[in-house]
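Take a look at the structure set out below.
For this chain, numbers begin at 1 and follow the sequence in order.
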Amino acid sequence: MDSSNDVALDIIITNVVAVFRTRCHLNLRTIALEGTNVIYKPEVGKVLMKLRKPRITASIWSSGKIICTGATSEEEAKHGARRLARCLQKLGFKVKFTEFKVVNVLAVCSMPFQIHLIEFTKSNRPIASYEPELHPAATYRIKSLRATVQIFSTGSITVTGPNVQQVATAVEQIYPLLFECRKPAR
């Protein structure tokens with residue numbers, strides 16, 4: 001039962017959410033009429049703009065706040081946000097790219113074994129919760145990293161955290177706990 005032997009786990013980042021501000025008021029109607037790949041949602045008060053490369057979707061509010069989703073790395077999120085700011089500049093707005101921040105990273109990872117969820121939850125009771133009638137995964141929250149890990153019995157885990165480094169650290173922290181509760185190989 002030695003969990004210290006190094007196992008290479010592939011952590012696949014599936015979504016990076018970033019926020020930035022333009023420091024100017026944006027006329028959503030102008031963006032909707034003159035911009036490309038846009039969806040105007042006046043009932044919510046925002047415009048959705050999609051970029052093909054990098055593949056991101058941005059929610060644009062008239063206040064100048066923009067949320068970018070869909071990137072697969074922090075660098076790609078920043079590159080997409082800068083491209084978006086450039087698109088808005090070309091529409092005639094005096095956009096300044098400021099206050100860029102990655103706010104959320106979602107990653108998936110597969111353990112090389114299956115996990116006994118009830119045993120895992122019992123041994124990590126205050127921070128782990130498992131409600132099989134509500135959701136098929138056990139939830140494990142790491143407050144120090146501000147990360148949440150969803151653990152499935154198949155060995156798949158999804159990790160949500162504030163940045164890529166915190167997500168990788170969360171996987172490193174949870175691996176020994178999962179290794180103790182692995183199902184015996186058939």
N/O donor-acceptor pairs under 3.5 Å from side chains in residues 124-136, not counting sequence neighbours:
unit_1	atom_1	unit_2	atom_2	d
N124	ND2	F120	O	3.0
H135	NE2	Q150	OE1	3.3

Please list every donor-acceptor pair under 3.5 Å in which a side-chain atom of residues 64-77 meets a protein atom from a residue at least two apart or in another chain.
unit_1	atom_1	unit_2	atom_2	d
T69	OG1	T57	O	3.3
T72	OG1	E76	OE1	3.3
T72	OG1	E76	OE2	3.4
S73	OG	E76	N	3.0
E74	OE2	V164	N	3.1
E76	OE2	T72	N	3.1

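Among residues two or more places apart in sequence or in another chain, the ring pair (Phe, Tyr, Trp, His ring centres under 6.0 Å) test is passed with F97 by F20, F100. Applying the side-chain contact (heavy atoms from CB on, under 4.5 Å) rule to R55 yields no partners; only residues at least two apart in sequence or on another chain are considered. Scored by the side-chain contact (heavy atoms from CB on, under 4.5 Å) test, L51 finds I56, R83, L84, C87 as partners (sequence neighbours excluded).
Annotation for E180 and E119: closest pair O-OE2, 3.7 Å, computed over non-hydrogen atoms. Between S110 and L9, the shortest heavy-atom distance links the atoms O-CD2, 3.7 Å. The shortest heavy-atom contact between L26 and L88 is CD1-CD1, 4.2 Å. Of all heavy-atom pairs between Q114 and T154, the closest is CG-O, 3.8 Å. Here the shortest heavy-atom pairing between I11 and A168 reads CD1-CA, 4.0 Å. Closest non-hydrogen pair, L28 versus I60, comes out as CD2-O, 3.6 Å.
Rounded to the nearest 0.5 Å, atoms CZ (R141) and CZ (R146) are 14.0 Å apart. With values rounded to the nearest 0.5 angstrom, Q173 atom CD is found 7.0 Å from T169 atom OG1. In this structure, CD1 on I142 lies 5.5 Å from CD1 on I174, to the nearest 0.5 angstrom. Note: Q89 CD to R82 CZ = 9.0 Å, rounded to the nearest 0.5 Å.
Using a 4.5 Å heavy-atom threshold, the side chains of V149 and T158 count as separate. Under the 4.5 Å side-chain criterion, counting only non-hydrogen atoms from C-beta, V47 is not in contact with I39. You'll find the side chain of L48 stays beyond 4.5 Å of the side chain of V38, heavy atoms only. For the pair I115/I151, a side-chain contact is recorded, criterion being any heavy-atom separation below 4.5 Å from C-beta on. Counting heavy atoms from C-beta on, the side chains of S156 and C109 never come closer than 4.5 Å.
Under the 4.5 Å side-chain heavy-atom criterion for ILVMFWY residues, no single connected hydrophobic cluster contains both V167 and F152. Using a 4.5 Å cut-off between side-chain heavy atoms of Ile, Leu, Val, Met, Phe, Trp and Tyr, with links allowed through other members, L145 and L177 fall into the same hydrophobic cluster. A continuous path of hydrophobic side-chain contacts links I118 to Y140 [ILVMFWY only; heavy atoms under 4.5 Å]. Transitive grouping of hydrophobic side chains (ILVMFWY, heavy atoms separated by less than 4.5 Å) brings M49 and F93 into a common cluster. Taken together through direct or relayed side-chain contacts under 4.5 Å among Ile, Leu, Val, Met, Phe, Trp and Tyr, I13 and Y175 form part of one hydrophobic cluster.
Below 30°, between 30° and 60°, or above 60°: for F179 and F113 the angle between ring planes is above 60°, a perpendicular geometry.
Sorted by first and then second residue, the pairs that involve residues 26-51 and meet side-chain hydrogen bond (donor to acceptor under 3.5 Å, both in side chains), not counting sequence neighbours, are N27-T30.
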Exercise for review: Quick one: do S62 and H25 satisfy side-chain contact (heavy atoms from CB on, under 4.5 Å)? Show the steps, please.
Suggested key: CA-CA 6 Å; S62 61; H25 179 78; 3.7 Å; yes

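The side chain to side chain contact (heavy atoms under 4.5 Å, CB included) test with V108 is passed by exactly one of I12, I157, N15, V159: I12.
Remark: the backbone N or O of T160 is not paired with any side-chain donor or acceptor of T148 at under 3.5 angstrom.
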